[in-house]
Amino acid sequence: MAGFAFVLLWIVFGVISSIVNRFRSNKQFTHEVPSALTPIFIYWLALLFGMAIVSVTMDEVLPESVIKECVKYFILLIFISPFLTSRVFIALGWVKTSFRFAELAYVINRKSPFAAGLFAGYLATKKVKNEEKRQTQLRWLRNQYLTIPTKQKLFSGEIVVFIFLDCALTHPGNNDYLVKRLKTVAHLPSASISKPIANYAIKRSLANVFPSNNWEQVIKVLQIWGNISTNLTNYINTFYKKNITNEKSSCFVPLFIRSLLAFRYTAIKQWCNSNLPLSQNSQNTIGNSNDAIKQIWYTNKALNDFSDANKNTILTTLTNGQQQLKWESRAKELGVYNQSFWSEITKKLEVVLKDAQLSEEQQKFIDDQHQALKYIEQNIRKKWDANGYNNSAEESVDWLQFLFVFNRLSFNKNEQVTAFTIYSGFLWDAMAGFWNNPNEYRLAYMLAAMSAPYAHECGLDDFQKTINFILSK
Amino acid sequence: MIQEYINQPHWSCWPFWVLGLTPNATLQNIEKAARDLTNKIEFGFDVAKKFETPQGLYERDGYLIREAKSKLQNPEQRLQAEFWYVEPSQIKDTSNTPAIDENQWLKLMKVS
């Protein structure tokens, strides 16, 4: 009896939270929480019905006993929390079952039950030992995403899990590729990305940047998934603020406590501590000419462009009056009588501080990306013309591909700006189209957030206004 | 010549790295280093075939050694090399972290 009372309370709680979330979702689209009332009702009704049948059958078959009560409560316990049940099925490698149960775990996965289902299925595929079977299961999950009904809203969490699935199918075991794909969704509104999904993406991305021993890259990863707070991200953020940026006032919880909470991540704590000196080296601590030259090497090794402030500091340090006198005197010692040596040095310095020069291979790579962007644009336009292009899941796949190729140009800022200038009209059209369809707000938002810095840089004021309008909603 | 030097002037100090010298080296030191290294390579000492740069170990042969020597004997080119000189070990990562690769990180974070 107590069990059924508990189930009823649970249903009431589920219904109230659904109504509240639906109300919020209608008021503000970025606070995206989907409604999944129907499956929840069906699940709980089925549970009640099932429990009643089990109870009646057991009463008939078995006499009153402790074992019978235990069996009843055991079954109730399994099904009362679809989340825990899905975890069990994940461990067993039952893909479809874990997918269904995680989808029903509305209380835990209310940010996006469908995404949670896909994610649970994805995790379960990792337990499948037969490679062929695993591929089939992954394809099945991928199709679940691709066949999201046209009328259904598309949520950010679903797009992120689609990337996991797609990478597992097309580039199995290639974490670098997965991280690159994840960067394309950096601009998605993250309210509907549930914590386990974001945590998984963070861990994958961190594993990719830790070997480079570069704090900047680690912090960039945390910024992409900025609003996700886990023991791991909290520890890294607090460590960074306290020991590197010295923002002591913003650390509400002491590093010591954060460290205790992140007890499972010993290797990461070691990484943070041992990379402290390196990070301090790579900060703007340019004291003498040797430091300035070292800074040039650090920046080149990290494949970064020089910031304007950094350029000025390096130039001032290496070409100030004192330096000139020093090298003129050394030139005399060596017997260099050609006075143009100093202008040669400054010219070389300018070349070094310019953005990276392109090799033939890189130029070819850039050409290939421009070509790919062109094909993707043609493909999308063809689908637009055919009037059959209103499936948000299908559209998201094409746009993820477009953004992925666009992001591949990020190693050269000029080329990326050029590409943006070429496709700004196309992006504008797409954004407007997505904005007019409530099911595709997320795609409009994603494109707007991605376009914002480039539109500003290219001086496209009207486009900038449209972007600001979308981002302000 | 080292390939990277063509596009990246901050590699101008490569002759010092090839000969394993610093900007304090005299002309005699340059001669001696070039001779010693050439002999070692001819006698098949594997250690002499590699030299350190900030980008890791590079290979050197008799031709590269002669080119480096001639650059350092030219006052103008030596001046350029001195200006850009940096100790390769200073640029290497000073981190004490044991080299853990991406796959090991994935296992440590239990997401592999």
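Quantities reported herein were computed from a predicted structural model and do not represent experimental measurements.
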- Closest non-hydrogen contact found for A:A267 with B:L108 is CB-CD1, 3.5 Å
- Query: Who in residues 199-209 of chain A is close to chain B, using a strict under-4.5 Å heavy-atom cut-off?
  - Reply: A:Y200, A:K203, A:R204, A:L206, A:A207, A:N208
- Could you check if a side-chain atom of A:F210 sits within less than 4.5 angstrom of a side-chain atom of B:E102, using non-hydrogen atoms only? no
- A:Q322 atom CD, over 12 foreign heavy atoms within 6.0 Å: no
- What residues, two or more places apart in sequence or in another chain, satisfy side-chain contact (heavy atoms from CB on, under 4.5 Å) together with B:V86? A:N290, A:I293, A:K294, A:W297, B:W17, B:Q90, B:I91
- Query: Any side-chain heavy atom of A:I268 sitting closer than 4.5 Å to one from B:W105?
  - Reply: yes
- Query: Got a sec, which residues hit side-chain contact (heavy atoms from CB on, under 4.5 Å) with B:E76, two or more places apart in sequence or on another chain?
  - Reply: A:V336, A:N338, B:N74
- Message: If you apply the rule side chain to side chain contact (heavy atoms under 4.5 Å, CB included), what do you find for B:W84 with A:K348, and how did you get there?
- Response: CA-CA 10 Å; B:W84 291 101; A:K348 279 188 178 182; 3.9 Å; yes
- Contact check, side chains of B:H10 and A:L349, non-hydrogen atoms, under 4.5 Å: no
- Could you tell me whether A:R330 atom CZ has more than 12 heavy atoms of other residues or ligands within 6.0 Å of it? yes
- Distance in Å, B:Q80 CD paired with A:W327 CH2, rounded so as to fall on 0.5 Å steps: 9.5 Å
- Task: Could you name each residue pair satisfying side-chain hydrogen bond (donor to acceptor under 3.5 Å, both in side chains) that touches residues 36-51 of chain B, not counting sequence neighbours?
- Result: B:K32-B:D36
- Item | Engaged part of A:K126 at the chain B interface, taking heavy atoms whose separation is under 4.5 Å | side chain
- Atom pair NZ (A:K332) and CG (B:L79), whose distance is rounded to the nearest 0.5 Å: 13.0 Å
